[in-house]
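Comments concern the structure below.
Just so it is clear: chains get the letters A, B, ... in the order the sequence lines come, proteins before strands, and each one is counted from 1.
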Number of protein chains: 2
Amino acid sequence: MNALEELIDSLSRLPGIGKKSATRLAYHLLQADSSFLQRLSLELATLQERIVKCSECGAYTEDDPCHICSNNLRDRTLLCVVATPQDVQTIEAAGEYCGLFHVLGGLIAPLEGIGPEKLSLEKLLCRVKSGEISEVIIATNPTVEGDTTALYLNRILESTNVKVTRLASGLPVGGDLEYADKLTLSRSFRGRVKF
Amino acid sequence: MNALEELIDSLSRLPGIGKKSATRLAYHLLQADSSFLQRLSLELATLQERIVKCSECGAYTEDDPCHICSNNLRDRTLLCVVATPQDVQTIEAAGEYCGLFHVLGGLIAPLEGIGPEKLSLEKLLCRVKSGEISEVIIATNPTVEGDTTALYLNRILESTNVKVTRLASGLPVGGDLEYADKLTLSRSFRGRVKF
């Protein structure tokens, strides 16, 4: 295998990139600006050194604790529980939420052998019991695993007297009743709100 | 910008990778095997040093001349003219052709300001005139630019008394008459072959 084939092989191991896309990328990189290539190479080499998990919330960060946990202007009585570090970024990008986060590190999925013991639940309970938090917002995906995890969280948080809420599920903005699936439609009926 | 955002920014400059895919890739790489990341980084950093253009045919190679030009078992009387180094790999992968190659480095495209002077034509004429070659197979894409370039090549090669052919254009194998466009259908009529 020559250098080009090696690169194509490595690139095609990335998610969503098949052999054809990898070939296209490799030929593009071959003709790319050399400084861009060196920068990308350096960024890859140092990525895992520079980015760590925040010891407080579990999100990816360069500084520990992360800029969210260490920001005193944020509402420290709100705690949003998400499955992955990427979810933190997605919610931050929406710009709606101004409280703290807690990353579970996955969702309960018995079929894949992921039980509650694999999630960051002790730390969550510890943070909730520490006193400042008044509401836990569960922001797991509205999927079977997300729903299961949300129910489980609700049960273990019952004893703490903290308000537990969950993100609304229903029709997406700009969506069309005609194309909504049955489950989404039935959820948006059950979760209907007063004008 | 932190390390993760820098990587997402760099990845999203690659062709076919938008902001969302770049984010997905970056988070994947963050959790990937560290040795894989180091290998990919090294491959990117050394790519442009290790891969050069063959001084004979213009294809990408680690050794100059490339393994095709230096292979004495190949038919040195056949010369296949292609637009890009990637086309060489595509044709080699099909395993049908066993002659030599010549990479033009592009196609004539007046609208993009690419005239014949930007292509490797002198070198091509020089190779054809050197004597060994008996047939030049033009393997440019059946597009406006590819057709224009093929016609131009045919004209400048007329004086050399070498046989000039072009790849057949017509219905793709496994295709359906119903879905063939008019141009393809008309070409497959004009290029019909005797049983």
Side-chain angles (χ1 to χ4, degrees), chain A residues 1-53 59-63 66-67 84-90 93 105-106, chain B residues 1-53 59-63 66-67 84-90 93 105-106:
Chain A
M1 267 210 308
N2 71 18
L4 196 59
E5 289 162 345
E6 279 166 21
L7 179 63
I8 293 173
D9 181 66
S10 294
L11 288 174
S12 62
R13 283 163 203 246
L14 297 175
I17 297 186
K19 185 89 194 218
K20 286 236 169 181
S21 318
T23 306
R24 193 158 141 252
L25 284 175
Y27 275 95
H28 174 86
L29 289 166
L30 204 45
Q31 289 164 305
D33 192 35
S34 158
S35 65
F36 169 74
L37 216 57
Q38 297 306 325
R39 196 177 72 223
L40 180 58
S41 162
L42 186 68
E43 282 166 4
L44 288 170
T46 58
L47 181 69
Q48 293 184 339
E49 285 165 30
R50 289 178 63 190
I51 300 285
V52 294
K53 280 194 180 170
Y60 286 129
T61 177
E62 278 197 356
D63 312 300
C66 71
H67 71 281
T84 67
Q86 200 171 342
D87 293 334
V88 174
Q89 204 209 14
T90 308
Chain B
M1 268 211 307
N2 70 20
L4 196 58
E5 288 161 346
E6 278 167 20
L7 179 62
I8 292 173
D9 181 66
S10 294
L11 288 173
S12 62
R13 283 163 203 246
L14 297 175
I17 297 187
K19 185 89 194 219
K20 286 237 168 181
S21 318
T23 306
R24 193 158 141 252
L25 284 174
Y27 276 95
H28 174 87
L29 288 166
L30 204 47
Q31 289 165 305
D33 193 34
S34 156
S35 64
F36 169 74
L37 215 56
Q38 296 306 326
R39 196 176 73 223
L40 181 58
S41 163
L42 187 68
E43 283 165 4
L44 287 170
T46 59
L47 181 69
Q48 293 184 341
E49 285 166 31
R50 289 178 62 191
I51 300 285
V52 293
K53 279 193 180 171
Y60 287 128
T61 175
E62 278 197 358
D63 312 300
C66 71
H67 71 281
T84 67
Q86 199 172 343
D87 293 335
V88 174
Q89 203 208 17
T90 308

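Across all their heavy atoms, B/Leu47 and A/Ala3 have their closest contact at CD1-O, 4.3 Å. In plain terms, the two heavy atoms of B/Ala45 and A/Gln38 that are nearest each other are O-NE2, 3.1 Å. Of all the heavy atoms in B/Glu6 and A/Arg50, the pair that sits closest is OE1-NH1, 3.5 Å. Across A/Leu14 and B/His28, no two heavy atoms sit closer than the pair CD2-CD2, 4.2 Å. Shown here for A/Leu40 and B/Ser10, the closest heavy-atom pair between the two residues is CD1-CB, 3.9 Å. Closest of all the heavy-atom pairs between B/Leu44 and A/Ser41 is CB-CB, 4.1 Å.
Note: B/Glu43 leads B/Arg24, B/Gln89, B/Glu43 in heavy-atom pairs under 4.5 Å with chain A. Counting heavy-atom pairs under 4.5 Å between each of A/Arg13, A/Gln31, A/Gln86 and chain B puts A/Gln86 at the top. Between chain A and the options B/Ser34, B/Ala26, B/Ser21, the largest number of non-hydrogen pairs under 4.5 Å is found for B/Ser34. Highest contact tally toward chain A, considering only B/Thr84, B/Ile17, B/Leu37, is held by B/Leu37 [criterion: heavy-atom pairs under 4.5 Å].
Heavy atoms closer than 4.5 Å to chain B are found in both the backbone and the side chain of A/Thr23.
A/Gln48 places a side-chain N or O within 3.5 Å of a backbone atom of B/Leu30 that can act as its donor or acceptor partner.
Just one of B/Leu29, B/Leu4, B/Leu7 meets the side-chain contact (heavy atoms from CB on, under 4.5 Å) condition when paired with A/Ile51; it is B/Leu4.
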